[in-house]
There are 2 protein chains.
Amino acid sequence: MSSEKITDKPEAVRRRSYEDACAAAHALDLVGERWALLVMRELLLGPKRFSDLRAAMPGISANVLTQRLEGLEEAGVLRRRELPPPAAARVYELTEWGYEAEPIFQALGRWAARSPLHDPTLPFSTNSLILSLRTMFSPARAAGLSCLIALRLGYETFTARVADGAISVERAVTAAPDATLEGDARSVAGAIYGGVPLSALEAAGALKASGDRAVLERFFTLFPLPAKAPAPGAPR
Amino acid sequence: MSSEKITDKPEAVRRRSYEDACAAAHALDLVGERWALLVMRELLLGPKRFSDLRAAMPGISANVLTQRLEGLEEAGVLRRRELPPPAAARVYELTEWGYEAEPIFQALGRWAARSPLHDPTLPFSTNSLILSLRTMFSPARAAGLSCLIALRLGYETFTARVADGAISVERAVTAAPDATLEGDARSVAGAIYGGVPLSALEAAGALKASGDRAVLERFFTLFPLPAKAPAPGAPR
DNA sequence: CTGTATCCGTGTTGATACTG
DNA sequence: CAGTATCAACACGGATACAG
């Protein structure tokens, strides 16, 4: 009687499900736990190792990261894979379906960009910046523009290709970019979203630019931010 | 000394922020707590009272609901409003910006509809069903169709209007619908998503249909579900 | 009737230290 | 490097009591 601990909970309550047929609620059952979506964000541009993930998310602790990776693997969102020698490392990579979650991040990002409480001076991960470019890109602003920009962020290099009113940004090195930008994600974000003049960032040693500066300046204007929503106590 | 409870936590850790400039991470700071998004879902079709919210989310407890409402109000996502007499009730309603969160639910819903683990036999809230119609509507399937359907779900009535390859579904009564469907959300979902024949649902007393049945049958085909993603242990 | 506040058992989270 | 172990703090959910 004292041992009749109700361990036989409907086993659906185990992982604390919402018990709701709504697909959005099910999505939250799968990826609604703390950190789960940020782990996915960090994998959206390609596989990473355990320690890469930790480095990209300073706030997460090792045990929680382990739990999330297990949960996401069980859900079919990611898989672990052993790289063959000589790289001989274990990496985590999203499944096809996992990669299809990107629209979730775009919807979240677009919506929260209007938040009155958003503080853009916080630490900015490399993946966040690259994904934000895909999200905030304005086809209208890019009318008639065609260019290739190399972005060197830390030890990673990305290539942004703008053409026909569309953009692609991926992990890749480019042979002959029109311009190259080197620095950390915060500074690049300052130039693109914060309106900080490139010259100022260069003078501060935060960014290094080379190649066609006019193209670079134009590139910075392709990612307009939406207007802020009224703060909580506003009129109406 | 016993009172030196560390209340002076960096005040940024108080509400357990991700401390990340990424807009998507900020979105999760605002609405990433358990139940927060479901509360928003329940308000997306119009204001509700405290007890309506509880009824729509059987799993949430009163104190947690209070906390979420406070948090979402502070974030500027919703506001509380007192209805004038004789209704004299307090309702919660999304702000303009709050209503703009609908794409988040669509992205979540579309993605999770492919989940191998999704169980559509669970309880289904009225709001979930209506929002899913907006989400899953296929303009291609609706080519050439123009109709007005009344949906009576519990004590709420909604009107779906299909025209020009678009759909609108709202809380509203319609004077002269082409057809009327009455029943609970589960049964309507069975007809639309589960492929259960209307006649069977009527025979079981789960649904009542009236008006143009051909239009109704056609209406049921406008909301195709995506293919399931492979289950966790799949080949590749 | 519509919430709000408080207590309490439990599970989740997060920091630190530690192991293969 | 890739996790596991331990433990304290907190969040969640249920029950109950209380206030307008």
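Chain identifiers are assigned alphabetically (A, B, ...) following the order of the sequence lines, protein sequences preceding nucleic acid strands; residue numbering begins at 1 within each chain.
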Report the distance from atom [atom1] of [X] to atom [atom2] of [N], rounded to the nearest whole Å.
{"X": "B/L65", "N": "C/dA5", "atom1": "CG", "atom2": "C1'", "answer": "14 Å"}
{"X": "B/E70", "N": "D/dA11", "atom1": "CD", "atom2": "P", "answer": "13 Å"}
{"X": "B/R80", "N": "D/dG20", "atom1": "CZ", "atom2": "P", "answer": "15 Å"}
{"X": "A/R49", "N": "D/dG3", "atom1": "CZ", "atom2": "C1'", "answer": "14 Å"}
{"X": "A/Y92", "N": "D/dA2", "atom1": "OH", "atom2": "P", "answer": "8 Å"}
{"X": "A/L83", "N": "D/dC1", "atom1": "CG", "atom2": "C1'", "answer": "13 Å"}
{"X": "B/L69", "N": "C/dG3", "atom1": "CG", "atom2": "P", "answer": "9 Å"}

> Got a sec, which residues hit salt bridge (charged side-chain N to carboxylate O under 4.0 Å, His left out) with A/R110, two or more places apart in sequence or on another chain?
Replying inline: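 A/R110 satisfies salt bridge (charged side-chain N to carboxylate O under 4.0 Å, His left out) with no other residue.
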Please name all residues satisfying side chain to side chain donor-acceptor pair (under 3.5 Å) with [X], sequence neighbours left out, ordered by chain then number.
{"X": "B/R54", "result": "none"}
{"X": "B/S132", "result": "B/Y193"}
{"X": "A/T157", "result": "A/R152"}
{"X": "B/E156", "result": "B/R171"}

>> Can you work out whether A/V91 or A/Y18 has the more 5'-proximal nearest nucleotide on DNA chain D?
In response: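 Comparing both residues, the 5'-ward one is A/V91.
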>> To the closest 0.5 Å, what do you measure between CG (A/D184) and OG (A/S125)?
In response: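 That separation rounds to 12.0 Å.
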> If you look at every strand shown and take non-hydrogen atoms under 4.0 Å, does A/S51 touch a base, only sugar-phosphate, or nothing?
Replying inline: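 Result for A/S51 = sugar-phosphate.
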> So, is B/T66 near the phosphate of C/dT4, with a side-chain N or O under 4.0 Å from OP1 or OP2?
Replying inline: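 Checking C/dT4 against B/T66, a side-chain N or O does come within under 4.0 Å of OP1 or OP2.
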> Looking at residues at least two apart in the chain, or sitting in another chain, which of them share a ring pair (Phe, Tyr, Trp, His ring centres under 6.0 Å) with B/F50?
Replying inline: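 Counting only residues at least two positions away or on another chain, B/F50 forms no ring pair (Phe, Tyr, Trp, His ring centres under 6.0 Å).
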>> Run the ring pair (Phe, Tyr, Trp, His ring centres under 6.0 Å) test against A/F223 and tell me which residues pass, sequence neighbours left out.
In response: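 A/F223 satisfies ring pair (Phe, Tyr, Trp, His ring centres under 6.0 Å) with A/F219 only.
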> How large an angle, rounded to 10°, do the end axes of the helix from C/dC1-D/dG20 to C/dG20-D/dC1 enclose when each is built from five base pairs?
Replying inline: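 Axis angle across the helix from C/dC1-D/dG20 to C/dG20-D/dC1, nearest 10°: 40°.
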> How does protein contact run along nucleotides 13-20 of chain C, one letter per nucleotide 5' to 3', with B for base contact, S for sugar-phosphate only, - for none, heavy atoms under 4.0 Å?
Replying inline: SBB-----
>> Could you report the tightest heavy-atom contact between B/S115 and A/H26, atom names first, then the distance?
In response: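 Taking B/S115 first and A/H26 second, the nearest heavy atoms are OG-NE2, 2.8 Å.
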